Visitor: 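I'd like to ask you about the structure that follows.
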2 protein chains.
Amino acid sequence: MSVAPSRRRTQVDRSAETRMILIGAAIELLHTVGFAGTTTALIAKRAGVTTGALHHHFSTKDELMFGVLDHASERMRDRLEAEEHLSPDGVLHISDLVQHLWQVYGDPEYWAIWEIIIGTRSDGVLHPRVVTHRLDTMRTVLHPWLERHTSENDARPDIVAIFEFMLIAIRGLSLERFLDKDEAYFERNLKILAELVGQRLETLAQHDFSR
Amino acid sequence: MSVAPSRRRTQVDRSAETRMILIGAAIELLHTVGFAGTTTALIAKRAGVTTGALHHHFSTKDELMFGVLDHASERMRDRLEAEEHLSPDGVLHISDLVQHLWQVYGDPEYWAIWEIIIGTRSDGVLHPRVVTHRLDTMRTVLHPWLERHTSENDARPDIVAIFEFMLIAIRGLSLERFLDKDEAYFERNLKILAELVGQRLETLAQHDFSR
DNA sequence: TTTCATACATATCGATTAGTATGTAAATTT
DNA sequence: AAATTTACATACTAATCGATATGTATGAAA
């Protein structure tokens, strides 16, 4: 009651708000019931509006899905950029990095993106657009981040490759969520990932004369 | 014409044959159009029969899906047991093992199982049964295989844990298929996986007094 | 304050879904 | 070979999908 939204809102505010509520509802549904289960009726119900409102803001369901891709990608970028994984001394510990990546790319919210990628695979029109969107995101988000976190004189290609592998492993781990694994299972495998990568990076550093 | 099937077949033969054709068609569709896209009409069409025949052999679609789980699990076990990954001298090379696991668990056919796991996630009745089926399979297939390939006096728990991690990574890698990555991408990451694990296992062996 | 555009709701559409009812042909039993 | 069961096909049903058509309420412009 104290922070009740002003009763009289401008049109653009209402639109933006409703659009975000719809996108948020779609994201939730994508990772709870999957792409096929995320129907327009369910999205509208979850958003507290009708399908009429949904189709007013997103003329087609595909359009809404791209809204989800845009929003989720942006949120993931923000969370990736939040560099709370750096310890106070500025040193990057592998175990912290793994935890950070897990929090970002192991998050159920991120899975919504993959639901769209996988769910549209046989759609000749939609899938190529989804894949392109994905490539763009990786290029504008991940690569700059990588260049900022690896020095020029590193064995950078190797390190970048290992980083890509880390994301792959984390994605594979997130699949296990669907098998109702407990938290210890995830922590154990994250620890293994950190150990494997840490050991490898040490070796790479030893062979790198610039150090 | 030479090996044309005998025109007059027994009922059980006809049944078994049609059931297998249906299951095969379902598996193909599961990894090409996904769980939701695998409709009874499509399955029947692909199998060259009608939906009437489908429902005669599998009274419900769920039943057919469990037929898929049974068959695919069995096939994966056979392929896992085919120990062509052992080099002639009997020594197990990590890179060969990784390739072997990739051929089995990175195969599109195997993804059909995961389509069912993920696709049924919000089905309160079906999903628990699917998860149970999965656990049974892992227990009766993977664990015996692991015990056969690790010696008692090894640091077995560590090795088993690393093995589980390998499967997770391979699963994550197989997801990238949906992004139209080229073959080099997969090979590069399989090589990284083999390097990481190989290096780790060497360290474990050094600390193991039994060697 | 009147006019108009925007933001929604309601009602309904054709298409598609899993499943059923019923018919016919093939195989087995008697 | 007649009777019966099994293996399918055809036709249909209720439910649900994304989408549209049309109405009403709300905010912006005049």
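These figures come from a predicted structure and were not determined experimentally.
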Visitor: Counting only side-chain heavy atoms from C-beta out, which of dA19(D), dA9(C), dA9(D) sits nearest to V49(A)?
Guide: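 Among the listed nucleotides, the one closest to the side chain of V49(A) is dA9(C).
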Visitor: Roughly how many Å is it from CG in D13(B) to C1' in dT6(D), rounded to a whole number?
Guide: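 It works out to 14 Å between those atoms.
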Visitor: So does T18(A) get a side-chain nitrogen or oxygen closer than 4.0 Å to the phosphate oxygens (OP1/OP2) of dC8(C)?
Guide: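 Answer is yes, contact under 4.0 Å.
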Visitor: With a cut-off of less than 4.0 Å, is there a side-chain N or O of T39(A) near OP1 or OP2 of dT16(D)?
Guide: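 No, because none of the side-chain N or O atoms of T39(A) sits under 4.0 Å from OP1 or OP2 of dT16(D).
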Visitor: State yes or no: are the ring centers of W111(A) and Y105(A) separated by less than 6.0 Å?
Guide: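 Not under 6.0 Å, so no.
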Visitor: With a distance cut-off below 6.0 Å to the six-membered ring centre and an angular limit of 45° from the axis, does R177(B) pair with F186(B) as a cation-pi contact?
Guide: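 Relative to the ring axis of F186(B), which defines the angle, R177(B) lies inside both limits.
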Visitor: Among dT10(C), dA9(D), dA18(C), find the nucleotide with the atom closest to the side chain of K61(B).
Guide: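 The answer is dA18(C).
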Visitor: Please tell me which of the listed nucleotides, dA19(D), dA9(D), dA9(C), lies nearest to the side chain of T60(A)?
Guide: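 From the listed options, dA19(D) comes nearest.
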Visitor: Looking at T50(B), I'd like to know whether one of its side-chain N or O atoms comes within less than 4.0 Å of OP1 or OP2 on dT10(D).
Guide: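 Negative; the distance criterion is not met.
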Visitor: Would you call K191(A) and E187(A) a salt bridge, taking side-chain N to carboxylate O under 4.0 Å as the test?
Guide: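 Looking at E187(A) together with K191(A), the answer is no, because their closest N to O distance does not fall below 4.0 Å.
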Visitor: Distance check needed: dA9(D) C1' versus K45(B) NZ, whole Å only.
Guide: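 It is 17 Å, rounded to the nearest whole Å.
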Visitor: Using whole Å, what does the distance between atom P of nucleotide dA18(C) and atom CG of L29(B) come to?
Guide: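 In whole Å, dA18(C) P lies 11 Å from L29(B) CG.
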Visitor: Under 4.0 Å between a side-chain N or O of T10(B) and OP1 or OP2 of dT28(C)?
Guide: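 Yes, because at least one side-chain N or O of T10(B) sits under 4.0 Å from OP1 or OP2 of dT28(C).
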Visitor: Other residues, nucleotides and ligands only: do more than 12 of their heavy atoms fall within 6.0 Å of NZ on K181(A)?
Guide: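 Yes - once you tally the heavy atoms of other residues, nucleotides and ligands closer than 6.0 Å, there are more than 12.
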Visitor: So is K61(B) actually on top of F66(B)'s ring, under 6.0 Å and inside 45° of the axis?
Guide: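 Pair K61(B)/F66(B) does not count as cation-pi.
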Visitor: Round to a whole Å and report the spacing from CG of L54(B) to C1' of dG19(C).
Guide: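 Answer to the nearest Å: 11 Å.
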Visitor: For DNA chain C, whose closest nucleotide is more 5', that of G52(B) or that of A53(A)?
Guide: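 That would be A53(A).
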Visitor: For the pair made of CG in L126(B) and C1' in dA18(C), what is the distance, rounded to whole Å?
Guide: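 Roughly 14 Å, once rounded to whole Å.
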Visitor: Quick one: is dC8(C) close enough that its OP1 or OP2 comes under 4.0 Å of any side-chain N or O from H56(A)?
Guide: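 Indeed not, no polar side-chain atom of H56(A) lies that close.
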Visitor: Between H57(B) and dA7(D), is there a contact of a side-chain N or O with OP1 or OP2 at under 4.0 Å?
Guide: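 Answer no for this pair, as no side-chain N or O of H57(B) is under 4.0 Å from OP1 or OP2.
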Visitor: Check the distance between dC17(D)'s P and M65(A)'s CE and give it to me in whole angstrom.
Guide: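 Atom CE in M65(A) sits about 13 Å away from atom P in dC17(D).
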Visitor: How many whole angstroms separate atom CZ of F58(B) from atom C1' of dA18(C)?
Guide: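 The distance from CZ of F58(B) to C1' of dA18(C) comes to 16 Å, rounded to the nearest Å.
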Visitor: When you match H55(B) and R14(B) each to their closest nucleotide on DNA chain C, which lands nearer the 5' end?
Guide: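 Mapping each residue to its closest nucleotide by heavy atoms, the 5'-most match is H55(B).
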Visitor: Tell me: CD of E17(B) to C1' of dC8(D), nearest whole Å?
Guide: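 Roughly 14 Å, once rounded to whole Å.
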